[in-house]
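Worksheet: the structure to be examined is printed underneath.
Index from 1, following the sequence.
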Amino acid sequence: VVGCVRRLSRGIGWRERETQKAGVGAAHDGAFDGGGSAGTRLVRRGKQGKGFGKFVMSWGRRAADGGVVFRGIDRVVGSLTSAFGRAMFFSHGWGDCDAWMSYIINWKSDIVSKCRSSSNANICSSSIHTDLDHDLEISWSPAPIRRLLPRSTPAFFREGSFISPVAKQMSPHLNSNSSSLPLSLPKECFTARFVLASPTETLHSSTPFVVLLAGTGEQAYSRRLRSIAEPLLKDGVGAIILENAYYGRRKPRGQFGSKLHRVSDLLALGHSTVEEATMLLRWLYRNGCERLCVSGMSQGGLHAAMAASLLPHPVAVVPAFAPESASFVFTRGVLGRNCDWNKLSLDLPHCSSGTPPSSTSKAQTPMQQMERVLELTDIRSFPPPQHPQRAVIIAAHYDQYVSPVCADIWRQHWPWAEVRWVHAGHVTGILCHAHAVCNAIRDALQ
């Protein structure tokens with residue numbers, strides 16, 4: 001299936017590349033075999049192939065104007081996941097929404113109040129992270145992933161682990177706010193794991209690094225390692241690939257794939273990822289690496305933007321195919337079909353709105369309640385990063401997983417950020433346009 005999608009993208013993506021090459025000029029027109037323009041050469045390349053591949057690419061070119069193929073792939077993938085999946089999102093109900101919302105609201109309120117109380121952005125950001133200045137205690141071990149890359153790739157791999165800062169902060173929070181419900185974080189999620197892929201055996205201040213965060217369903221390191229880290233390593237850019245809570249070896253017992261049991265698990269996953277990514281970026285900075293970037297696709301892109309907005313030092317950020325919040329994704333987006341709305345309807349009276357527990361109000365429908373809860377994930381509730389001009393946002397023209405006005409919201413909140421469009425949908429963008437993410441990371445690190 002992935003091979004067919006990639007062949008289809010090569011057949012359709014000619015229009016995007018033609019647009020990018022249109023301004024090359026007449027001096028470059030004869031640089032291709034047989035003469036003609038750069039766009040003409042790309043069209044001929046799309047016609048190559050035999051049998052089924054040739055048919056798919058020619059059909060894709062005819063349907064490219066309306067984006068029918070890309071929208072259809074997004075919807076079909078979402079429908080297949082819903083129809084044939086062994087589980088659905090939030091099959092155990094809402095969970096400890098009140099406790100996690102209260103915790104996150106207080107956490108974000110503390111950040112906003114510190115920012116508003118100081119006119120100096122550097123002082124503001126430094127005051128936010130005074131509690132994170134302690135050294136990160138990392139346990140290292142050999143990373144058994146060298147076989148995933150060609151031996152010619154110049155890279156040294158190590159796997160690290162540390163106790164998640166969320167696990168450390170849970171006890172002090174419960175002691176200071178005993179009236180709230182106990183926060184629940186599975187014990188499997190306590191230990192954060194990551195792979196450090198470096199072009200040199202030791203860290204050097206001249207080596208740029210990117211922290212790559214996982215999108216929905218990325219259970220291991222392999223996809224990010226092959227599609228993004230490997231091309232960057234050849235250019236001398238190191239990478240840290242973080243394993244999200246609730247995924248991979250951090251997946252709780254009984255959870256199938258990426259289908260979280262409770263809505264509160266989604267809040268816990270996002271908060272843990274942001275805190276852990278922030279810790280890793282600060283650890284790199286304290287070890288002399290000043291050219292830093294954080295990036296991710298889909299859900300990982302939103303988490304990357306949150307982490308970049310909470311750092312006291314400049315860091316580049318590349319969110320790719322990322323929503324402005326998780327609200328649209330799990331209500332009106334494609335993933336909304338994979339939610340167990342029947343269970344959420346039965347469990348609705350036990351969950352309050354997106355306000356502190358003391359001022360709860362019952363939502364009329366579970367979808368309205370979901371929107372209120374996931375308002376906490378809106379990027380507009382986070383301060384802009386220190387240097388938004390080092391932000392490159394990648395969006396897809398025919399994305400069916402995120403809001404159609406998502407790019408406009410990103411542009412309004414980060415007015416100096418660059419927005420790059422690709423001729424794809426959400427699924428085809430993630431599978432077939434990793435090179436666009438690599439190019440954006442290289443440009444942002446300049």
Side-chain angles (χ1 to χ4, degrees), residues 121-122 124-126 128-129 132 194 196-200 203-215 224-225 227-242 273-324 379 382-395 407 410-411 413-422 429 433-446:
N122 292 326
C124 163
S125 298
S126 298
I128 291 174
H129 293 277
L132 298 178
F194 66 94
L196 174 66
S198 175
T200 58
L203 295 179
H204 292 291
S205 59
S206 60
T207 303
F209 267 90
V210 58
V211 175
L212 301 174
L213 305 183
R224 285 170 287 170
L225 183 67
S227 62
I228 300 179
E230 180 185 358
L232 294 176
L233 284 167
K234 295 178 180 178
D235 294 334
V237 179
I240 283 183
I241 306 173
L242 177 66
T273 302
V274 172
E275 290 268 28
E276 291 161 12
T278 304
M279 293 287 287
L280 289 171
L281 287 164
R282 289 179 60 82
W283 174 79
L284 287 170
Y285 190 80
R286 285 197 299 268
N287 281 272
C289 301
E290 298 184 358
R291 296 169 58 194
L292 299 176
C293 178
V294 57
S295 179
M297 295 186 185
S298 190
Q299 168 190 261
L302 178 60
H303 294 159
M306 294 177 179
S309 66
L310 301 178
L311 285 167
H313 49 79
V315 58
V317 55
V318 180
F321 319 112
E324 79 282 0
I379 190 59
F382 288 79
Q386 287 290 321
H387 293 278
Q389 65 271 21
R390 295 182 61 186
V392 180
I393 301 168
I394 302 176
W410 281 99
R411 189 183 292 110
H413 189 54
W414 294 0
W416 296 281
E418 178 186 357
V419 179
R420 299 182 182 180
W421 292 90
V422 297
H433 288 271
H435 64 278
V437 180
C438 294
N439 292 336
I441 292 173
R442 294 186 189 98
D443 295 341
L445 285 171
Q446 295 298 325

Residue list, salt bridge (charged side-chain N to carboxylate O under 4.0 Å, His left out) with E324, at least two apart or on another chain: none
State, with a plain yes or no, whether a side-chain heavy atom of I441 is found less than 4.5 Å away from one of I228. yes
Minimum side-chain heavy-atom gap R390-W416 below 4.5 Å: no
To the nearest 0.5 angstrom, please state how far the CZ atom of F321 sits from the NE2 atom of H433. 6.5 Å
Does a side-chain heavy-atom distance below 4.5 Å link I241 with L225? yes
Under a 4.5 Å cut-off applied to non-hydrogen side-chain atoms, are L445 and F209 in contact? no
Inter- and intrachain pairs under side-chain hydrogen bond (donor to acceptor under 3.5 Å, both in side chains), touching residues 437-446, at least two apart: D235-R442, R420-D443, N439-R442
Any donor and acceptor pair, going by atom type alone, linking the side chain of R224 with main-chain N or O of L242 inside 3.5 Å? yes
State, yes or no, whether a side-chain contact exists between I240 and L212 at a heavy-atom distance under 4.5 Å. no
Ignoring hydrogens, what is the shortest heavy-atom contact between V318 and S295? Give both atom names and the distance. O-OG, 2.7 Å
Can you name the closest pair of heavy atoms from P319 and W414 and give their distance? CG-CZ3, 4.3 Å
Contact list for residues 279-301, test ring pair (Phe, Tyr, Trp, His ring centres under 6.0 Å), sequence neighbours left out: W140-W283, Y285-H313
Drop me the distance from L281's CG to R286's CZ, to the nearest 0.5 angstrom. 11.0 Å
What's the shortest heavy-atom distance between V294 and A308, and which atoms? CG1-CB, 4.0 Å
Quick one: closest heavy-atom pair of L233 and G238, and the distance? CD2-CA, 4.2 Å
Tell me every residue that passes side-chain contact (heavy atoms from CB on, under 4.5 Å) with T200, counting only those two or more places apart in sequence or in another chain. S198, H204, T207
So P385 and L311, do their side chains get closer than 4.5 Å, heavy atoms only? no
dist I379:CD1 -> W410:CH2 (nearest 0.5 Å) comes out at 4.5 Å
How long is the span from the NE2 atom in H413 to the OG atom in S309, to the nearest 0.5 Å? 7.0 Å
Minimal heavy-atom distance between C438 and S227, with the atoms involved, is SG-O, 3.6 Å
Should P199 and V237 count as side-chain neighbours, where that means a heavy-atom distance under 4.5 Å? no
Please list, chain by chain and in numerical order, all residues satisfying side chain to side chain donor-acceptor pair (under 3.5 Å) with R291, sequence neighbours excluded. none
By side chain to side chain donor-acceptor pair (under 3.5 Å), Q299 pairs with (sequence neighbours left out) none
